[in-house]
Amino acid sequence: MIDRKAFRKDFEQMQQALARRDEGLVAKGSAWARAHALDTVQRDMKAQSEALQAERNRVSKLIGQKKRQGNDASEELARMSEVGKQSKQLDAEAKEAELAFSNALLEIPNPPHGSVPDGVDENDNIEIRRWGEPRQDDVPAHWDIGEALGILDFDAGVKLAGSRFSVLRGAAARLERALIQFMLDMHADQHHYEEVWVPAIANRKTLTGTGQLPKFEDDLYRLEGEDAFLIPTAEVPVTNLYQDNIINIADLPIKHCAYSPCFRREAGSAGRDTRGMIRQHQFDKVELVQLVHPDDALTALDELTQHAAAVLEALELPYRVVDLCAGDIGFSAQKTFDLEVWLPSHSCYREISSCSSFAQFQGRRAGIRFRTESGKPEAVATVNGSGLAIGRTLVAILENGWQIDENGNDFVVIPEKLRSYMGGLAKISAA
RNA sequence: GGAGAGAUGGCUGAGUGGCUGAAAGCGCACCCCUGCUAAGGGUGUAUAGGUUUACCCCUAUCGAGGGUUCGAAUCCCUCUCUCUCCGCCA
């Protein structure tokens with residue numbers, strides 16, 4: 001959530017920043033425009049209501065005093081009867097206006113950081129650097145490799161649950177599990193994130209805290225009969241671990257890694273990546289989350305991005321780092337670096353991790369604060385990123401490790417660092 | 001799922017209509033005292049919003065929402081959560 005005071009004070013500046021995402025965000029009828037219109041109205045109404053409440057409180061106190069002393073207070077009583085009703089009415093109206101205002105605020109995205117490049121979509125993202133040698137020979141798509149080896153079963157996923165679900169068998173199932181463990185170990189032991197394990201269901205307040213709600217309810221699976229949802233990422237429960245807390249400044253930064261399944265309806269992506277494991281309704285992910293002092297957010301983002309990249313390097317998967325443009329960063333993010341892994345079957349880089357700084361946007365929404373030197377509570381900054389998406393990593397390993405032996409049989413070389421997690425297995429061959 | 005009990009500040013815990021934003025204790029911070037230590041004394045210590053250079057002041061908040069009342073932590077209703085017992089269960 002944007003800062004209310006800054007909203008008034010730095011209005012122009014914020015508006016320009018938001019317009020860099022999309023002109024429509026600040027156009028007539030936008031949440032931004034609504035909030036702007038409601039702000040003064042809302043405060044005036046509140047001031048009025050409070051003045052009346054003050055009057056009511058004052059006289060009520062007087063009545064109490066008089067009664068205690070045995071004096072007659074009927075005159076005040078008669079007068080206050082009316083004031084009480086009026087006050088209730090005003091208060092209700094003021095609350096309604098305040099609610100409309102804060103609802104509008106909740107739908108305003110984070111103004112991008114000044115360093116975020118201009119642009120409207122992924123074509124305007126800027127490549128920062130590359131790592132590794134992308135293989136250029138012809139490689140089959142992972143679904144062909146997986147089916148040839150008998151380890152990926154898309155038909156079974158469809159039968160059990162529907163489209164965009166899949167079943168892993170044998171070495172692929174083990175690879176999924178090995179990757180989770182490998183990544184968690186690396187982040188916990190080498191990068192010093194405290195591992196947590198969290199629920200895969202979150203309530204409305206929690207999802208509002210990280211910014212998925214109220215705007216993106218259609219992207220979530222909602223539980224029938226409950227105001228709760230399957231989480232789209234572990235970022236949601238892990239960040240909200242500190243919801244409504246005031247953190248001791250000495251405890252910052254707080255760093256957590258977590259594995260969780262993730263559930264996404266993919267409502268807006270009909271027809272995209274319909275084959276294979278790239279875009280599933282359910283997928284596994286190891287997530288990195290940091291709560292930091294606002295001054296440290298961008299440094300932490302660099303650090304966290306490198307932590308995610310370290311996984312790709314350990315797995316010998318070529319990748320590049322992309323600085324997302326203003327039109328392509330997510331709702332809550334102030335700045336985002338994507339890690340894209342090389343997929344030889346399509347000769348392109350595909351997103352495998354998205355690392356963002358949210359500045360104080362989530363901290364304000366979720367009520368996660370720390371105490372400054374002066375003793376005043378202030379919202380923490382949050383930084384998070386995938387470290388990494390497991391399914392896409394599995395895809396990348398299948399394609400980048402794919403080989404053909406002298407008899408013309410497919411096999412996949414398992415990255416060396418992963419072998420101990422695979423019971424020593426060095427390559428996956430057809431069963 | 002059934003029955004009962006409960007939810008108050010960083011914590012423990014008083015408080016059944018006004019003098020309670022809230023006793024007392026603990027914790028924490030600062031100060032004083034004591035040669036050191038131990039003990040002791042004093043002061044302060046919620047959050048949000050409004051106003052303000054700042055202080056002050058005003059408003060709200062005792063799980064959440066609504067109601068009764070001039071006035072609600074306290075009375076009434078609804079909901080949520082926690083605990084105990086029973087049932088079921090990986």
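The shown structure was predicted, so the numbers you read here are calculated from the model rather than taken from an experiment. Because only heavy atoms are used, hydrogens play no part in the values below, and waters and symmetry mates are left out as well, while side chains stay in. Labels below follow one simple rule: chain letters A, B, ... track the order of the sequence lines, proteins then strands, and each chain is numbered from 1.
Remark: B/A48 base-pairs with B/U59. Criterion, Watson-Crick or G-U wobble with two distances under 3.5 Å. In this structure, B/U43 forms a base pair with B/A29, meeting either the Watson-Crick or the G-U wobble geometry with both donor-acceptor distances under 3.5 Å. When both distances must be under 3.5 Å, the Watson-Crick or G-U wobble mate of B/G6 is B/C81. B/G87: no Watson-Crick or G-U partner with both key distances under 3.5 Å is found in any strand. Here B/A54 sits opposite no nucleotide as a Watson-Crick or G-U wobble pair (both hydrogen-bonding atom distances under 3.5 Å). Under the Watson-Crick or G-U wobble criterion, with both distances below 3.5 Å, B/U37 has no partner in any strand shown. When both distances must be under 3.5 Å, the Watson-Crick or G-U wobble mate of B/G17 does not exist. Pairing for B/U68 is absent, with no Watson-Crick or G-U wobble pair whose two atom distances lie under 3.5 Å.
A straight line from CG of A/Leu52 to C1' of B/A60 spans 15 Å, rounded to a whole angstrom. Across the protein-nucleic acid pair, A/Leu62 atom CG and B/G18 atom P stand 16 Å apart, rounded to whole Å. The CZ atom of A/Arg204 sits 16 Å away from the C1' atom of B/A64 (whole-angstrom rounding). Counting to the nearest Å, the C1' atom of B/U59 and the CZ atom of A/Arg43 are 15 Å from each other. Between the C1' atom of B/G10 and the CD1 atom of A/Ile247 lies a distance of 15 Å, rounded to the nearest Å. If you measure from atom CG of A/Asp251 to atom C1' of B/G10, you get 14 Å, rounded to the nearest angstrom. Here B/U47 presents its P atom at 14 Å from CZ of A/Phe370, a figure rounded to the nearest Å. Distance A/Asp39 CG to B/G50 P: 9 Å, rounded to the nearest Å.
A/Arg371 comes within 4.0 angstrom of sugar-phosphate atoms only, judged by non-hydrogen atoms across all strands, and of no base. Residue contacts shown for A/Ala47 are absent, as no nucleic acid heavy atom lies under 4.0 Å away. Looking at heavy-atom distances under 4.0 Å, A/Arg58 makes no contact with the nucleic acid at all. Residue A/Lys85 is classed as having no contact, given no heavy-atom separation below 4.0 Å to the nucleic acid.
Of the candidate nucleotides B/G50, B/U59, B/U69, B/U69 has the atom nearest to the side chain of A/Lys88. Of the candidate nucleotides B/G49, B/A60, B/U47, B/A60 has the atom lying nearest to any side-chain atom of A/Asn57. Listed nucleotides B/G50, B/U47, B/G49 differ in distance to A/Arg8; the shortest reach to its side chain belongs to B/G50. Considering only side-chain atoms of A/Ser60, the nucleotide from B/U68, B/G50, B/G18 that sits closest is B/G18. With distances taken from any side-chain atom of A/Glu50 to the nucleotides B/G18, B/U47, B/U59, the minimum falls on B/U59. Comparing B/C70, B/U47, B/G66 by their closest approach to the side chain of A/Lys95 singles out B/G66. Of the candidates B/G71, B/U47, B/G49, B/G71 carries the atom nearest the A/Arg56 side chain, counting heavy atoms from C-beta on. Among the nucleotides B/G18, B/A48, B/C58, the one closest to the side chain of A/Pro377 is B/A48.
Between A/Phe165 and A/His281, the distance from one ring center to the other falls under 6.0 angstrom. Between A/His293 and A/Phe370, the distance separating the two ring centers is shorter than 6.0 angstrom.
Remark: the separation of the C1' atoms in B/C58 and B/U52 is 12 Å, to the nearest Å. The P atoms of B/C75 and B/U84 are separated by 26 Å, rounded to the nearest whole Å. Atom C1' of B/C77 sits at a distance of 15 Å from the matching atom of B/A72, rounded to the whole Å.
No donor-acceptor distance shorter than 3.5 angstrom exists from the side chain of A/Asn125 to the backbone of A/Leu324, with no hydrogens or angles considered.
Of the inter-residue distances, the one linking A/Asp185 atom CG with A/Glu195 atom CD reads 7.5 Å to the nearest 0.5 angstrom.
Ring geometry, A/Tyr221 versus A/Phe263: the interplanar angle exceeds 60°, so the pair is classed perpendicular (tilted spans 30 to 60°). Taking the six-membered ring where tryptophan is involved, the planes of A/His191 and A/Tyr193 are perpendicular, since the angle between them exceeds 60° and thus also 30°.
Map A/Lys61 and A/Ser81 each onto its nearest nucleotide of RNA chain B; the residue landing nearer the 5' end is A/Lys61. Along RNA chain B, the nucleotide nearest to A/Gln53 and the one nearest to A/Glu378 differ in position, and the one closer to the 5' end is contacted by A/Glu378.
The pair A/Asp244-A/Arg369 does not meet the salt-bridge criterion, since no charged nitrogen lies less than 4.0 angstrom from a carboxylate oxygen.
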